[in-house]
Amino acid sequence: MKLGVCYYPEQWPQELWTEDAREMVLMGLTWVRIAEFAWSRIEPEPGRFDWGWLDQAVETLAGAGLKIVMCTPTATPPKWLIDARPDILAFDAQGRPRGFGSRRHYCFSSETYRAESARITEAVAGRYGNHPAVGAWQTDNEYSCHDTAYSYSPNATRRFRGWLAQRYQSPDALNRAWGNVFWSQEYRSFDEVELPNLTVTEPNPSHRMDFARFTSDEIASFNRLQTDILRRLSPDRDLTHNFMAFETSFDHFAVGGDLDFASWDSYPLGHLEESWLPGDEKLRFARQGHPDIPAFQHDLYRAVGCGRWWVMEQQPGPVNWARYNPAPLPGMVRAWTWQAFAHGAEVVSYFRWRQAPFAQEQMHAGLHRPDGSEDIGGAEARQVAKELARLGDVGPSRKAKVALMFSYEAAWHLRVQPHGDGFVWIRLAFEIYSALRRKGLDVDFVPPDGNFDGYRLVVCPSEPMLSADTVAALERSGATVLFGPRTASRTPEGRIPDNLPPGPLQTRLPIKVLRVESLRPGGGPTVRFGDADLPARLWREVLETPLTPLASFVEGGAAFVSQDHWFYLATWPAEALVDAVIAAVIEDAGLPTMDLKSGVRLTRRADITFAFNFAPTPRQTPAPEGAQFVIGGPLIAPGGVVAWR
């Protein structure tokens with residue numbers, strides 16, 4: 001477990017670099033990420049490279065004993081390149097080019113930009129690929145940030161047509177798959193297919209789903225273009241990309257397949273403020289962050305990285321980009337760092353070394369203020385470094401007993417066809433995850449085509465296009481399985497199954513979904529669960545089943561059914577109902593749990609249990625009698641962490 005920092009030598013006078021590097025080492029940092037936005041300084045004019053400053057920066061950091069994460073600078077193509085080749089730019093859904101003046105101003109489908117990305121990657125990797133201080137590479141920066149995954153450019157149109165031709169082989173096959181007989185949408189050739197924007201009303205949902213798949217494939221192939229070069233020119237170095245929170249525009253598992261470890265950028269207060277959570281919850285956790293927002297991403301990217309992952313950017317103080325940007329509670333930067341390590345992080349890297357006094361992020365805190373004085377986050381990073389030295393190395397995360405099926409295709413489908421305002425897959429997945437975490441359980445994330453063997457409980461929040469292969473894998477696992485609403489409600493082409501939903505699940509669960517309805521806020525169904533009437537929201541399915549319900553809608557009809565350790569929930573549960581449902585499937589799986597105090601979370605790594613307090617008041621540590629504390633003691637302060645063996 002190591003600490004790092006993001007550093008921008010091109011933004012500071014060279015006479016500061018040596019002292020900065022020395023102070024990084026004294027603070028206890030090991031890794032430094034550089035150059036992800038430096039293309040205009042690396043190549044100030046077409047074909048003229050200025051390596052002098054970056055050579056000196058690398059040697060200065062290396063001379064201090066620091067390891068470097070070098071980056072490909074492709075998130076910020078320079079102005080001269082955009083002016084020379086404007087076909088690089090992405091187009092928004094209204095058909096307008098997204099211009100120069102910020103970042104991520106390129107289209108993944110631009111073959112011009114793919115060639116330019118390969119050229120600059122070859123140049124940087126050729127220069128530094130075998131430098132002994134360069135221990136890892138980051139490709140680009142935050143794919144899809146600022147809503148940049150989708151592009152509606154002529155380049156995207158051309159490549160989408162080629163993608164469709166490869167997928168369907170003939171226009172007739174595409175017409176059948178999409179149901180284009182509806183509204184006379186049939187095509188005679190792939191060249192007639194446009195992108196699913198600027199239509200008079202709703203585009204064909206199958207058209208939109210294939211465009212989502214295409215977009216994801218474009219991002220994965222763009223990333224692979226760079227990783228192939230880096231593997232060739234910088235062998236034996238780890239490759240990563242810094243992903244984002246709650247971002248489902250592309251399949252991160254597909255990108256992760258070309259990386260050595262995953263990383264993500266953790267801004268707990270910004271992510272809370274920009275989330276869908278209600279205002280009272282945002283106020284409650286305004287300075288701590290929601291306890292499950294970072295944890296959810298930690299567990300996801302541990303899966304994307306096949307067990308290996310970092311936090312590449314850790315919030316050190318107030319950010320600049322949310323609607324409101326409060327300062328963290330004292331101790332929270334330390335707690336967030338330990339929370340990442342508890343979930344298995346190899347490295348936590350803070351953003352950034354020194355707050356910039358200019359440009360778009362001048363209101364974003366760093367470990368130091370613009371004048372170089374240490375900010376609160378810097379002091380807390382220094383404290384973590386000392387605690388790491390005392391604790392020593394800790395082994396990797398153990399396999400959890402609970403798996404959450406994480407499906408990007410499910411997120412795409414429910415974005416394309418929500419059928420009710422607010423039916424967002426990531427929100428449903430997060431609420432179920434939070435219920436598991438409130439019971440003190442660790443959770444692994446597994447994609448639908450992953451391996452479920454060894455798990456006692458598998459939770460599928462919703463998987464509309466559940467495949468027969470995934471059903472078979474779940475059967476082989478022998479796990480208790482919970483399926484959420486709308487699971488198996490569509491074929492891969494987007495059609496309603498011939499035998500009605502839940503399609504292939506009917507081989508194990510004798511249920512049919514006869515009708516669905518979405519309901520306004522305040523008008524959701526009520527579910528009778530035992531002696532309690534518990535609220536649901538947004539969604540209700542009418543089930544036909546011979547099974548005796550475990551819970552029923554007060555209005556009539558089964559809401560929650562099971563057979564042979566497989567469970568189906570026919571609504572979107574509010575908190576009390578999701579807690580009751582999770583308690584039922586946990587009991588069926590025979591898992592030990594505990595009811596944690598509000599704001600407290602537990603996480604286990606190797607033989608150490610970590611407890612965190614996100615509440616505004618102290619909490620008693622839920623440690624067993626005789627626990628050997630390695631961090632803290634029996635009481636957890638607000639924003640505090642304790643750990644024991």
Side-chain angles (χ1 to χ4, degrees), residues 1-12 14-39 41-43 49-74 117-141 223 226-242 258-263 305 308-313 345-354 367 381 385 388-389 392-393:
M1 298 186 295
K2 304 293 184 184
L3 299 176
V5 72
C6 305
Y7 187 52
Y8 299 90
E10 70 274 20
Q11 298 178 10
W12 302 101
Q14 190 165 333
E15 54 265 26
L16 295 180
W17 298 356
T18 299
E19 182 62 17
D20 284 348
R22 188 182 76 85
E23 287 294 331
M24 290 174 191
V25 174
L26 291 176
M27 185 177 280
L29 308 183
T30 301
W31 287 90
V32 185
R33 185 191 70 173
I34 61 173
E36 77 270 25
F37 300 130
W39 192 340
R41 286 298 176 97
I42 292 171
E43 189 182 14
F49 292 92
D50 180 3
W51 299 112
W53 70 271
L54 189 51
D55 287 351
Q56 184 59 46
V58 168
E59 294 306 322
T60 298
L61 296 169
L66 293 159
K67 297 180 181 179
I68 294 171
V69 179
M70 186 65 75
C71 300
T72 63
T74 50
S117 296
R119 185 182 64 83
I120 192 65
T121 298
E122 292 230 7
V124 179
R127 186 76 176 187
Y128 303 109
N130 291 302
H131 194 289
V134 175
W137 288 85
Q138 175 187 298
T139 58
D140 204 272
N141 186 81
N223 186 73
Q226 297 191 14
T227 59
D228 286 349
I229 294 168
L230 294 171
R231 298 253 183 240
R232 173 168 51 86
L233 296 179
S234 189
D236 304 320
R237 271 77 171 176
D238 284 337
L239 309 184
T240 193
H241 176 76
N242 58 329
D258 294 310
L259 305 174
D260 296 295
F261 65 88
S263 59
R308 294 193 60 201
W309 69 280
W310 294 16
V311 171
M312 191 60 79
E313 299 180 14
E346 296 178 5
V347 174
V348 175
S349 172
Y350 300 99
F351 186 90
R352 47 188 282 166
W353 177 250
R354 185 187 290 109
L367 296 182
L388 283 170
D393 198 20

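Reckoned from all heavy atoms, side chains included, excluding hydrogens, waters and symmetry mates.
- Under the 4.5 Å side-chain criterion, counting only non-hydrogen atoms from C-beta, Arg127 is not in contact with Ile42.
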Test log, rule side-chain contact (heavy atoms from CB on, under 4.5 Å), inputs Val124 and Trp51 = CA-CA 9 Å; Val124 179; Trp51 299 112; 4.2 Å; yes
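- Note that CG of Leu61 is 14.5 Å distant from CZ of Arg22, once rounded to the nearest 0.5 Å.
- Atom CG in Leu367 sits 7.0 Å away from atom CG in Leu29 (nearest 0.5 Å).
- Contact detail for Ser263 and Thr240: the closest heavy-atom pair is OG-OG1, 3.1 Å.
- For Ala345 against Met1, the heavy-atom pair with the smallest separation is O-CG, 4.1 Å.
- Residues Val311 and Phe351 have side chains not in contact (no heavy-atom distance under 4.5 Å, counting atoms from C-beta outward).
- How far OH of Tyr7 is from CG of Asp20: 3.5 Å, rounded to the nearest 0.5 Å.
- The pair Arg119-Glu43 counts as a salt bridge, with a side-chain nitrogen and a carboxylate oxygen less than 4.0 angstrom apart.
- Applying side chain to side chain donor-acceptor pair (under 3.5 Å) to Thr139 and the options Asp258, Thr227, Thr72, Asn223 leaves one that passes, Asn223.
- Not one N or O on the side chain of Arg237 forms a donor-acceptor pair closer than 3.5 Å with the backbone of Trp137.
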inquiry  = As a quick check of understanding, evaluate side-chain contact (heavy atoms from CB on, under 4.5 Å) for Thr74 and Ile120, giving each step before the final call.
reply    = CA-CA 8 Å; Thr74 50; Ile120 192 65; 3.7 Å; yes
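- A donor-acceptor distance shorter than 3.5 angstrom exists from the side chain of Thr121 to the backbone of Ser117, with no hydrogens or angles considered.
- A 4.5 Å side-chain heavy-atom check between His131 and Glu59 finds at least one atom pair inside the cut-off.
- Of all heavy-atom pairs spanning Tyr350 and Ala381, the tightest one is CE1-CB, 3.4 Å.
- Taking CZ of Phe37 as the start and SG of Cys71 as the end, the distance is 8.5 Å to the nearest 0.5 Å.
- Side-chain atoms of Arg232 and Glu122, non-hydrogen and from C-beta on, do get closer than 4.5 Å to each other.
- Met24 and Leu66 get closest at one heavy-atom pair: SD-CD1, 3.9 Å.
- With a 4.5 Å cut-off on side-chain heavy atoms, Arg231 and Asp260 count as touching.
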key: side-chain contact (heavy atoms from CB on, under 4.5 Å) assessment of Asp238 paired with Glu346   = CA-CA 13 Å; Asp238 284 337; Glu346 296 178 5; 5.5 Å; no
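- Shortest non-hydrogen contact noted between Ala21 and Thr60 is CB-O, 4.0 Å.
- Judged purely by atom type and a 3.5 angstrom limit, Glu36 has no side-chain atom pairing as donor or acceptor with the backbone of Ala38.
- No side-chain donor-acceptor contact under 3.5 Å links Trp353 to the backbone of Val5.
- Each of Arg352, Arg354, Arg33 was evaluated against Tyr8; a single residue qualifies, Arg33, per the side chain to side chain donor-acceptor pair (under 3.5 Å) test.
- Rounding to the nearest 0.5 Å places CG of Asn130 at 6.0 Å from OG of Ser234.
- With rounding to the nearest 0.5 Å, the separation of CD in Glu10 from CG in Asp50 is 12.0 Å.
- Nearest heavy atoms, Trp53 versus Arg41: NE1-O, 3.2 Å.
- Between Ser349 and Trp31 the shortest side-chain heavy-atom distance does not fall below 4.5 Å.
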